[in-house]
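Encoded as structure tokens, here's the structure I'll be asking about.
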There are 2 protein chains.
Amino acid sequence: MRKFIAEVSEKLRSHEHKLTSRRECILCILLENKDKHLSAEEVYNLVKQKSPDMGLATVYRTLELFCEFNIIHAMDFGDGRKRYEFGDDSGDGHHHHHLICEKCNKIIEVNEDLLEELENRITNDYQFSISNHHLKIFGICKECMAKSNNKQ
Amino acid sequence: MRKFIAEVSEKLRSHEHKLTSRRECILCILLENKDKHLSAEEVYNLVKQKSPDMGLATVYRTLELFCEFNIIHAMDFGDGRKRYEFGDDSGDGHHHHHLICEKCNKIIEVNEDLLEELENRITNDYQFSISNHHLKIFGICKECMAKSNNKQ
DNA sequence: ATTTCTGCAAACGATTTGCATGTTA
DNA sequence: TAACATGCAAATCGTTTGCAGAAAT
């Protein structure tokens with residue numbers, strides 16, 4: 001993780017930006033919550049515990065900066081705010097998919113890319129040159145299914 | 001189309017709502033632009049040509065009403081506003097997908113449901129009970145590819 | 001000293017809502 | 001005359017921006 005932070009610092013530095021202590025603090029929060037898909041407001045609330053005088057605008061500006069440098073990217077899970085996760089969204093787009101539980105709002109990542117065959121079909125049938133895709137699958141997760149079965 | 005409007009009217013009427021002339025006007029605009037995935041503001045601008053004294057709030061309220069009755073549903077194409085299309089989004093979720101051209105912003109609908117096999121795999125591997133999915137595929141459409149090839 | 005960074009408050013844009021008036025059954 | 005519908009303006013909510021002061025090179 002030390003190494004990752006140093007890498008980020010280098011990336012920023014090579015374009016006349018600094019990894020200031022506030023920015024590093026935000027990066028840490030993101031690292032500590034890799035699995036959570038935090039929103040800006042959520043990052044802000046977590047960051048305030050370590051750094052109570054940080055402003056919300058700084059969080060927004062930092063998240064935008066990290067996006068520009070492809071350290072994180074924004075996703076929309078349909079709740080009206082951007083949520084962030086690590087990873088480059090600009091490349092050939094073969095990243096993971098998301099299962100969204102409609103009961104507990106948990107987000108499960110599916111890391112295999114399961115759409116290659118489908119993409120080939122679309123490329124052929126529509127002569128559409130694919131650069132990226134977003135697949136969101138809504139439903140009920142294993143745990144919530146178990147809970148609702150117990151209640152019955 | 002007459003028939004469809006009458007059906008909508010019935011649907012609303014059966015739950016103490018009326019298909020008023022303003023609402024019918026909005027419905028017509030939507031019908032005339034089935035392929036366009038209009039936003040609320042765009043509906044408003046089109047509607048004002050026929051009904052200049054209509055308020056934006058009425059458009060929003062009507063679109064929301066139509067959504068409640070599953071006459072239309074809202075989609076997010078990543079441009080920060082809701083866009084609407086006909087069809088029921090609440091059922092078993094086996095509706096179409098969207099190809100989004102990053103050059104001309106055209107939206108191409110893919111009406112086959114191409115994810116059944118994938119869904120089966122996810123249901124098995126994750127014990128996740130799927131109710132719906134949204135697949136957006138970004139890239140360059142046939143026409144834009146042709147254009148950029150000509151220019152070279 | 002110049003550039004970047006930051007907090008604060010104000011601005012923003014899409015959407016929602018309160019309220020008083022209009023319309024319809 | 002109830003209940004629903006509407007226009008208008010104000011409110012809301014996530015996000016962005018202007019600005020003046022602080023920090024870093």
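The sequence lines fix the lettering, A, B, ..., with proteins before strands; numbering per chain opens at 1. This one's a predicted model, so the numbers in the text were calculated from it and none came from an experiment.
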Do you see a donor-acceptor pair shorter than 3.5 Å between the side chains of B/His98 and B/Glu85? yes

If we ignore hydrogens and angles and just use 3.5 Å, is the side chain of B/His73 paired with the main-chain N or O of B/Gly87 as donor and acceptor? yes

Nearest to the A/Leu56 side chain among C/dC5, D/dT15, D/dC8, which nucleotide is it? D/dT15

What I want to check is whether the side chains of A/Glu119 and A/His133 have a donor and an acceptor closer together than 3.5 Å. yes

When the distance from CG of B/Leu19 to C1' of C/dA25 is rounded to whole Å, what number comes out? 15 Å

Go through the side-chain N and O atoms of B/Glu109 and B/His37 and say whether any donor and acceptor fall under 3.5 Å apart. yes

Please give, in whole Å, the distance from C/dA14 C1' to A/Arg81 CZ? 15 Å

OP1 or OP2 of D/dT6 under 4.0 Å from side-chain N/O of B/Arg23: yes

Both B/Ala40 and B/Ser21 contact DNA chain C. Taking the nearest nucleotide for each, which residue is further toward the 5' end? B/Ala40

Rounded distance in Å - CD1 (B/Ile26) to C1' (D/dT6): 11 Å

Would one find more than 12 heavy atoms of other residues, nucleotides or ligands at under 6.0 Å from atom CD of A/Glu102? yes

With a non-hydrogen cut-off below 4.0 angstrom, is B/Glu64 in contact with a base, only sugar-phosphate, or nothing? nothing

Tell me which of A/Arg61 and A/Glu41 sits closer to the 5' end of DNA chain D, going by the nucleotide each one is nearest to. A/Glu41

Is the phosphate of C/dT24, meaning OP1 or OP2, less than 4.0 Å from a side-chain N or O of B/Thr20? no

Name the residue closer to the 5' end of DNA chain C, choosing between B/Lys18 and A/Val59 according to the nucleotide with the nearest heavy atom. A/Val59

Between atom OH in A/Tyr44 and atom P in D/dC13, what is the gap in whole Å? 16 Å

Euclidean distance, atom CZ of residue A/Arg13 to atom P of C/dT3 [Å, nearest integer]: 18 Å

Nearest-Å distance for atom pair CG/C1', residues A/Leu65 and C/dC5: 11 Å

Strictly below 4.0 Å: does B/Lys82 bring a side-chain N or O up to OP1 or OP2 of C/dT16? yes

In whole angstroms, how far is the P atom of D/dA10 from the OH atom of B/Tyr60? 18 Å

Ranking D/dT17, C/dC5, D/dA5 by distance to the side chain of B/His17, first place goes to D/dA5

Between D/dA5 atom C1' and B/Leu63 atom CG, what is the distance in whole Å? 15 Å

